[in-house]
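In what follows, a single structure is set out as structure tokens and then discussed.
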Amino acid sequence: MPSRTPILQAGRVGRPRLKRAFYARPAVDVARDVLGAKLVRSEPGGSRISGWITEAEAYVGPEDLASHARHGRTDRNAAMWGQAGHAYVFFTYGMHWMLNLVTEAEGQAGAVLVRGLLPDEGLETIRRRRKRPDRQLTDGPAKLCQALAIDRTIDGQDLCGSNAELYLLPGVQLPDRVVTIGPRVGLNKVPEPWLSRPWRFRVSPDVLTDLVEKESGA
DNA sequence: AGGACGATTAACT
DNA sequence: GTTAATCGTCCTG
């Protein structure tokens with residue numbers, strides 16, 4: 001049996017990757033629009049793991065006191081300040097990796113944290129990497145990084161290059177009515193107004209599954 | 001040089 | 001609802 005979720009056949013060969021212009025916009029816009037896009041991990045050795053993005057958060061710049069950019073440019077967050085369309089991957093809590101998509105113009109520190117996926121290709125590999133029920137395999141920012149083997153080696157990589165190990169494909173266009181908007185989560189000791197800014201965007205995996213089925217002409 | 005803490009997760013009461 | 005795990009990063013002094 002192929003390690004692919006049966007109903008989810010919408011990823012088409014030869015479809016163009018999201019181009020840099022998609023990322024080179026305000027982080028909040030990218031966070032909204034990236035829902036339904038397909039994140040693809042192409043590992044050295046040929047295996048391919050992918051999933052549709054179900055949740056994302058925007059971190060807008062050094063003035064955003066929830067952002068790692070709040071202390072200015074450091075070795076750790078350097079990728080945030082670079083060209084849009086690159087990855088910013090960081091390590092936290094002594095054990096977890098997190099993936100961001102770098103947004104905005106070069107020199108501005110915008111980024112979008114990818115917080116949830118609906119798995120498509122590589123489900124067997126994902127199951128091997130984390131023993132959980134299927135619905136809980138990639139429903140968190142650290143969990144999806146483990147599923148796709150995203151770690152420090154991805155930090156700073158260009159998502160738009162033709163040889164990229166990680167990139168995005170256009171997936172499903174989501175109408176506003178299926179997108180839930182709210183404050184970002186997991187922020188400790190972050191003052192207002194940043195704590196309450198509605199910069200978290202979500203679509204339920206069930207709803208996205210239905211839309212993917214429809215799109216693929218099932 | 002030392003210490004607080006984190007864009008989380010899983011396990012627990 | 002609470003808490004431990006676990007260590008790199010950034011702060012203070």
Side-chain angles (χ1 to χ4, degrees), chain A residues 23 26-35 37 39 41 51 53-82 84-104 108-119 125-157 159 166 168 179-203 205:
Chain A
Y23 303 97
V28 177
D29 294 348
V30 176
R32 162 62 180 82
D33 295 342
V34 82
L35 296 183
L39 180 66
R41 173 73 160 107
I53 295 175
T54 59
E55 181 177 338
E57 286 177 353
Y59 291 82
V60 305
E63 71 277 15
D64 175 3
L65 296 183
S67 173
H68 289 173
R70 69 188 178 278
H71 295 302
R73 182 177 180 139
T74 66
D75 285 345
R76 183 203 204 193
N77 70 22
M80 286 185 95
W81 303 80
H86 288 239
Y88 165 45
V89 177
F90 67 89
F91 184 68
T92 192
Y93 292 105
M95 64 194 97
H96 298 309
W97 296 97
M98 312 253 171
L99 170 67
N100 290 260
L101 315 172
V102 176
T103 66
E104 314 265 359
Q108 297 186 49
V112 168
L113 174 69
V114 180
R115 293 188 52 91
L117 285 185
L118 174 65
T125 301
I126 294 172
R127 286 179 178 137
R128 206 178 313 127
R129 289 176 174 167
R130 181 176 288 265
K131 300 285 178 274
R132 303 290 297 174
D134 279 1
R135 300 180 68 85
Q136 298 169 30
L137 288 172
T138 55
D139 62 342
K143 294 160 84 170
L144 93 246
C145 283
Q146 183 179 0
L148 271 60
I150 292 167
D151 60 19
R152 74 170 79 250
T153 68
I154 302 295
D155 185 39
Q157 285 199 21
L159 309 175
L166 189 73
L168 288 176
V179 176
T180 301
I181 306 175
R184 296 171 291 183
V185 296
L187 307 182
N188 296 289
K189 298 175 53 181
V190 171
E192 298 290 1
W194 312 106
L195 185 62
S196 298
R197 286 277 135 93
W199 290 342
R200 180 191 192 206
F201 301 87
R202 283 185 294 163
V203 57

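Chain identifiers are assigned alphabetically (A, B, ...) following the order of the sequence lines, protein sequences preceding nucleic acid strands; residue numbering begins at 1 within each chain.
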*For nucleotides B:dA4 and C:dA4, find the distance between their P atoms and express it as a whole number of Å.*
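The answer is 15 Å between these two P atoms.
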*Taking atom P in both C:dT3 and B:dC5, compute the distance separating them and give it to the nearest angstrom.*
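About 15 Å, rounded to a whole number of Å.
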Among [options], which nucleotide has an atom closest to any side-chain atom of [X]?
X: A:Arg132; options: B:dT8, C:dA5, B:dA10; answer: B:dA10
X: A:Tyr93; options: B:dA7, B:dG6, B:dA11; answer: B:dG6
X: A:His96; options: B:dT9, B:dG6, B:dA11; answer: B:dT9
X: A:Met80; options: B:dA7, B:dT8, C:dC11; answer: B:dA7
X: A:Phe91; options: C:dT9, C:dG8, B:dT9; answer: C:dG8
X: A:Ala142; options: B:dT9, C:dA5, B:dA7; answer: B:dT9

So [X], base contact, sugar-phosphate only, or nothing? Heavy-atom distance under 4.0 Å.
X: A:Arg76; value: sugar-phosphate
X: A:Met98; value: sugar-phosphate
X: A:Arg200; value: nothing
X: A:Leu113; value: base
X: A:Asn100; value: base

_Mate of C:dT6 where both pairing distances stay under 3.5 Å, Watson-Crick or G-U_ =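 When the pairing criteria are applied, nothing turns out to pair with C:dT6, so the answer is none.
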*Name the pairing partner of B:dA7, where a pair is Watson-Crick or G-U wobble with both distances under 3.5 Å, or state none.*
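Across all strands, not a single nucleotide pairs with B:dA7.
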So, is [X] close to the [N] phosphate, meaning a side-chain N or O under 4.0 Å from OP1 or OP2?
X: A:Arg115; N: B:dT8; result: yes
X: A:Arg152; N: C:dC7; result: no
X: A:His68; N: B:dA7; result: yes
X: A:Lys189; N: B:dA4; result: no
X: A:Arg70; N: C:dC10; result: no
X: A:Thr92; N: B:dA7; result: no

*asked:* Assess the residue pair A:Asp139 and A:Lys143 against the criterion (salt bridge (charged side-chain N to carboxylate O under 4.0 Å, His left out)); give the C-alpha distance rounded to whole Å, side-chain angles, the decisive distance to 0.1 Å, and a yes or no.
replied: CA-CA 7 Å; A:Asp139 62 342; A:Lys143 294 160 84 170; 2.5 Å; yes
